[in-house]
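Okay, so here's the structure we're looking at.
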2 protein chains.
Amino acid sequence: MTQTTTLLIQENIGPTLAQWLADRSYSKIAVLTDTNTQRDCYPLLAEVLPPHVTYTVPAGEQHKHLATCQQIWHFLTEQQFDRHGVVLNLGGGVMGDMGGFCAATYKRGVDFVQLPTTLLAQVDASVGGKLGVDFEGYKNHVGVFAQPAAVLIGTDFLRTLPTRELRSGFAEVIKHCLIADAQQWEALRQVPFAQQDWLALVEHSVAIKSGITERDPKEKGERKLLNFGHTVGHAVESWLLAHPDRAILHGEAIAVGMICEGYLSVQQSGLSEADFRTMQTWLLDLYGKVTLSADDIAGIVPLARQDKKNRDGIIRSVLLEAPGRARYDQSIAETAMVEALAYYQTA
Amino acid sequence: MTQTTTLLIQENIGPTLAQWLADRSYSKIAVLTDTNTQRDCYPLLAEVLPPHVTYTVPAGEQHKHLATCQQIWHFLTEQQFDRHGVVLNLGGGVMGDMGGFCAATYKRGVDFVQLPTTLLAQVDASVGGKLGVDFEGYKNHVGVFAQPAAVLIGTDFLRTLPTRELRSGFAEVIKHCLIADAQQWEALRQVPFAQQDWLALVEHSVAIKSGITERDPKEKGERKLLNFGHTVGHAVESWLLAHPDRAILHGEAIAVGMICEGYLSVQQSGLSEADFRTMQTWLLDLYGKVTLSADDIAGIVPLARQDKKNRDGIIRSVLLEAPGRARYDQSIAETAMVEALAYYQTA
């Protein structure tokens with residue numbers, strides 16, 4: 001497997017991808033898509049790609065599990081795909097995480113390229129080498145760390161997205177500003193959502209994320225900062241995913257998580273009330289409010305305890321000192337998390 | 001995860017394991033066993049181990065698949081096992097490969113310790129970080145490379161093995177001599193099987209294997225030498241595994257493979273007829289002959305084509321120049337492999 005990851009961001013990534021493949025001598029090229037990207041994104045690449053095989057999985061987080069992996073491994077086996085082939089994952093975070101996991105474990109690992117098509121995947125999932133699938137309701141519970149041979153980001157793909165999807169990815173852009181760039185956090189709020197410059201924002205977010213993950217690939221320290229909003233957010237997302245009619249998008253859950261963890265930051269890590277109010281108002285305005293009952297909250301907290309970042313069953317989270325400055329490994333009492341979720345309901 | 005692997009070989013490994021664990025602060029210890037090692041080996045360790053949980057899987061290669069992994073992941077999840085726990089794999093190659101794979105993918109990887117209990121696992125599977133499970137009849141088709149935190153080898157465990165099992169592991173000892181140590185290849189044949197000094201042989205084999213795998217962890221070059229006997233051997237093993245009443249042990253299949261690949265070495269890489277005769281006679285004497293029909297051979301060759309070492313559908317193998325000296329990436333025509341298997345039947 002290739003050791004260094006090529007990372008390129010352009011509006012139209014097709015010709016770059018074609019050249020990148022032409023410069024290498026892979027024995028076979030497999031393109032993995034989901035039903036959405038097969039319809040909307042694959043046609044933008046099909047003509048420039050060298051000969052390849054494709055496999056399409058059903059779209060959606062509810063298919064991000066081992067049974068779908070088994071279909072992908074079966075397809076690769078049937079194609080007599082060998083260790084010198086390359087897998088191209090064309091899709092959002094689900095496709096990248098799952099297709100990457102399948103490639104990283106097929107015959108103990110073949111090269112793979114992330115071709116993220118959603119804003120969420122472009123600014124978050126495609127960079128950093130976290131791969132995996134959900135297991136028994138826990139997100140990314142089975143997976144590995146493995147670096148893609150390349151991450152090739154085409155912002156043209158964003159035009160294929162529904163607004164709600166685009167707004168979901170925007171939550172990770174916001175997160176990157178809140179943990180690492182106070183100035184950009186100010187700038188972001190001056191531009192209406194529909195007028196944001198996506199190429200520039202993707203470049204900014206990817207620069208922050210790839211800097212952090214290169215310094216700390218295995219999440220021993222600094223990389224944990226990227227989990228801001230995710231302790232509560234992941235648990236909310238998992239809980240609602242188990243109630244299919246109530247499922248929300250990842251970024252929508254992270255917006256809930258950022259408000260709750262912002263609330264905890266005021267109490268535990270010195271975030272000012274004023275900065276918290278600004279955050280809360282703007283995030284609620286963008287994302288609306290998710291209704292959570294006392295029963296929901298009672299179900300969400302135990303899920304947060306299972307989070308991969310924890311140790312000895314104590315919930316650990318990222319809290320803000322100020323916009324642009326955060327601390328990791330902050331212990332959160334279960335009662336404090338219940339309080340934060342209850343506060344969110346009244347906000 | 002720990003980056004350097006502790007490697008220790010002793011008759012009684014229990015106290016060393018206890019000390020190794022005492023020197024670390026794992027949040028939880030899980031011991032994975034199979035039904036055999038739970039009965040025969042676990043009692044040798046139970047008293048010296050700190051508090052831990054255990055999970056037992058059914059013994060045998062036929063259970064080395066994703067369904068068993070799902071049981072193990074389920075167990076770890078249920079135990080609220082976090083990223084700071086350690087998994088101890090007490091068993092043979094199946095337990096080490098599968099338990100290691102489960103640990104290396106649970107929450108994207110927790111520490112694990114290999115406690116190999118068979119000769120085969122002690123001299124082969126436990127060293128080098130190859131992990132995985134079988135998939136649709138292909139051996140180790142889904143897996144990863146990941147280094148254990150420690151490999152702690154107790155040769156006392158070998159006393160719990162049936163002779164046939166011990167002899168199976170001996171095939172890998174022989175292989176290490178044939179690819180890397182001509183002198184030891186001579187010495188080996190002077191001692192009756194029942195009188196071999198297992199502690200010394202394990203030390204010798206592990207030194208060869210760990211030297212090679214440290215220099216080439218990802219099997220880009222030199223490490224391929226360790227596949228001597230395995231191109232044909234793995235295919236024979238897979239084929240017979242699919243006919244349960246005919247299944248043979250791994251080392252028994254590797255003995256077939258070493259004879260066939262020795263035959264090809266005479267034709268393709270300069271092994272002398274005399275050295276080949278010596279090999280063949282001694283190996284047949286030790287392992288007997290496996291009966292393979294023309295139909296069997298027709299089924300075995302396509303399995304060899306699927307081998308992970310191949311490229312572009314061409315079968316690649318390791319061939320000997322002389323005892324103690326080997327070459328990797330040698331192309332084998334399918335007709336030559338058929339001929340070698342047919343020759344074996346007449347030998």
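Quantities reported herein were computed from a predicted structural model and do not represent experimental measurements. Throughout, a chain's letter reflects where its sequence line sits, starting with A, and its residues are numbered from 1.
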Query - Note, B:H141 side chain near A:W73 side chain (heavy atom, < 4.5 Å) - result: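 No; the side chains remain at least 4.5 Å from each other.
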Query raised in the report: How about B:R108 and A:K218: do any of their side-chain heavy atoms sit closer than 4.5 Å?
Result: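 Side-chain contact under 4.5 Å: no.
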Requested in this report: Among the options B:G85, B:C102, B:G132, B:G143, pick out the one with the most heavy-atom pairs lying under 4.5 Å from chain A.
Outcome: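 Top option by heavy-atom pairs under 4.5 Å: B:G143.
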Query raised in the report: Between A:F81, A:Y138, A:F135, which shows the greatest number of heavy-atom pairs under 4.5 Å with chain B?
Result: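 Counting heavy-atom pairs under 4.5 Å, the top option is A:F135.
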Query raised in the report: Who wins among A:K130, A:K28, A:E219 for the most heavy-atom pairs under 4.5 Å with chain B?
Result: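 Sorted descending by pairs with chain B, the first entry is A:K130.
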Query - Proximal component of B:E136, with respect to chain A [non-hydrogen, under 4.5 Å] - result: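 Looking at B:E136, just its side chain touches chain A.
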Query raised in the report: Considering residues at least two apart in sequence or located in another chain, which fulfil the side-chain hydrogen bond (donor to acceptor under 3.5 Å, both in side chains) criterion with B:E222?
Result: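 Counting only residues at least two positions away or on another chain, B:E222 forms a side-chain hydrogen bond (donor to acceptor under 3.5 Å, both in side chains) with B:R215.
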Query raised in the report: Considering residues at least two apart in sequence or located in another chain, which fulfil the side-chain hydrogen bond (donor to acceptor under 3.5 Å, both in side chains) criterion with A:S210?
Result: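 For A:S210 there are no side-chain hydrogen bond (donor to acceptor under 3.5 Å, both in side chains) partners, ignoring immediate neighbours.
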Query raised in the report: Which distance, rounded to the nearest 0.5 Å, do you find between the OG1 of B:T105 and the CG of A:L131?
Result: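 Atom-to-atom, B:T105:OG1 and A:L131:CG are 12.0 Å apart.
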